[in-house]
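Can you read through this structure? Questions will come right after.
Throughout, a chain's letter reflects where its sequence line sits, starting with A, and its residues are numbered from 1. What you see is a predicted model; the values in this text were computed from it and never measured.
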Number of protein chains: 2
Amino acid sequence: MARAGLTAERLIHAGAELADEVGFAQVTVSALARRFDVQVASLYSHVKSSAELKTGIALFALAELADRVTEALAGRAGKDALFAFANAYRDYAREHPGRFAAAKHPLDAETAAASAGPRHAQLTRALLRAYDLDEPDQTHAVRLLGGVFQGFVTLELAGGFAHSSPDAQQSWDWSIGALDALLRNHAKTDGE
Amino acid sequence: MARAGLTAERLIHAGAELADEVGFAQVTVSALARRFDVQVASLYSHVKSSAELKTGIALFALAELADRVTEALAGRAGKDALFAFANAYRDYAREHPGRFAAAKHPLDAETAAASAGPRHAQLTRALLRAYDLDEPDQTHAVRLLGGVFQGFVTLELAGGFAHSSPDAQQSWDWSIGALDALLRNHAKTDGE
DNA sequence: ATATCTACCTAAAGACATTAGGCAAATAAG
DNA sequence: CTTATTTGCCTAATGTCTTTAGGTAGATAT
């Protein structure tokens, strides 16, 4: 029999595609084996376990998303950069809902530290440079923005804003615009 | 043999407790049967399926959370109400991480409409009354707040802010305070 | 006390995860 | 080019979870 040519990378990538098609929760070793037309046990030469496979997909998605954001941020600053970051994030989630779900997959501390997670934080700090925030405000802002992006997009993808007007796009633009104003108001030593 | 006295309600409640102990994803019909010391198949007289059980826990958690928020909001308005709402939400998630995860469980449109989800939106609108926003700004604000609460708390619970200073509490207070300012700036016909 | 109902049971089948051990295809050594 | 070695994929088997079908005994009504 001809070999299928499996590798951990191909499995993770196919797992990401499968996640976008059927949902991250439905990504199983068995489904992946069917997709490659091999026996289930064969995958275990390349991934240690189902958990490791899902972690691999999570790391892949986090890195891909960070790449997108990096590209979106290039040559921009201030409000322009904020919108570019936010839209890159949201667009990725809408194009790749399964990978986005994977990116939210919990990682143990060690894995998280080696993931693209810290890169996301760095990208946010780069974006915030134009807003000229003191510490610890900058860290607060990193967390607020992370929360808004992830939370809003998650709710939108879950259908939370469907069947009601105005459409989600408008609320998104309004929210990011409001955050821009919020950040400008907090520049440097500015209280309350 | 003495009967265990199972009912759908007891199963859902026990499922919520189990979720807090071992994680919502680990709540299974089997684990619940072990907890009640009955055979697995016995549960199927009370719940149609594993999916229905999880949906039941999700609805329970959403309602419980809405109750908490309702209580927190009583007699408060403006910034005070905003902090009360936000803290009730976050405290619930920290006290009941499994139920909080359950509350994020995707529901089909019909179930979602009959859930406490719309009540959450109404509570947010009640909170926003003091900020005197025009439509569609009020809807935008409902969505922004929903996103921030859910996103920030999810990231915090996932350990995203661990091992770094300042602690999450400070970022939370800063963020909610900043949102209060944001909302005040957008009162009525206020552009930019 | 008998009849009905139903809560919980046993039994069985199907899906997924995982491990152990085997064969054949790719690769390296002669 | 042949032989030796590695290793990619296979078969087989076990355990867990979900779900359905049909039975029994304990609760409830007559």
Once you apply a heavy-atom cut-off of 4.0 Å, does A:Ser30 come out as touching a base, just sugar-phosphate, or nothing?
sugar-phosphate
Mind calculating the distance between CZ (B:Arg35) and P (D:dC17) to the nearest angstrom?
14 Å
In whole angstrom, what separates B:His46's NE2 from D:dT19's P?
16 Å
From the options C:dC8, C:dT19, D:dC17, select the nucleotide whose nearest atom is closest to the side chain of A:Ala41.
C:dT19
Considering only side-chain heavy atoms of B:Arg3, which listed nucleotide, C:dA26, C:dT18, D:dA25, is closest?
D:dA25
With the 4.5 Å side-chain cut-off for hydrophobic clustering, are A:Leu155 and A:Leu179 part of the same group?
yes
Roughly, in whole Å, what's the span from NZ in B:Lys54 to P in D:dC17?
12 Å
Go through B:Gln138 and B:Asp134 one step at a time and tell me if the side chain to side chain donor-acceptor pair (under 3.5 Å) criterion holds.
CA-CA 6 Å; B:Gln138 193 183 68; B:Asp134 288 322; over 6 Å; no
Are A:Arg90 and A:Phe149 in a cation-pi setup, meaning NZ or CZ lies under 6.0 angstrom from the ring centre and within 45 degrees of the ring axis?
no
Whole-Å distance between C:dC9 P and B:Leu43 CG?
9 Å
For B:His105, the option from B:Phe100, B:Phe24, B:Phe60 that meets ring pair (Phe, Tyr, Trp, His ring centres under 6.0 Å):
B:Phe24
Using the side-chain heavy atoms of A:Val40, tell me which of these nucleotides is nearest: D:dT19, D:dA27, C:dT18.
C:dT18
A:Ser50 side chain near C:dA17 phosphate (N/O to OP1/OP2, under 4.0 Å)
yes
Below the 4.0 Å mark, does C:dA15 have OP1 or OP2 next to a side-chain nitrogen or oxygen of A:Thr28?
no
Report the distance from atom CG of B:Leu18 to atom C1' of D:dC17, rounded to the nearest whole Å.
14 Å
Separation of D:dA25 P from B:Gln39 CD (nearest whole Å)
16 Å
Salt bridge or not for A:Arg184 and A:Asp132, using N-O below 4.0 Å?
no
If I take atom CG in residue B:Leu6 and atom C1' in nucleotide D:dG26, what distance separates them, rounded to the nearest angstrom?
14 Å
Return no unless some side-chain N or O of A:Arg34 is found under 4.0 Å from OP1 or OP2 of C:dC16.
yes
Compare the minimum distances between each of C:dT18, D:dG8, C:dC16 and the side chain of A:Tyr44, then state the nucleotide with the smallest one.
C:dT18
Of all the choices, C:dC8, C:dT18, C:dT19, which nucleotide is nearest to the side chain of B:Ser42 once you look at every atom?
C:dC8
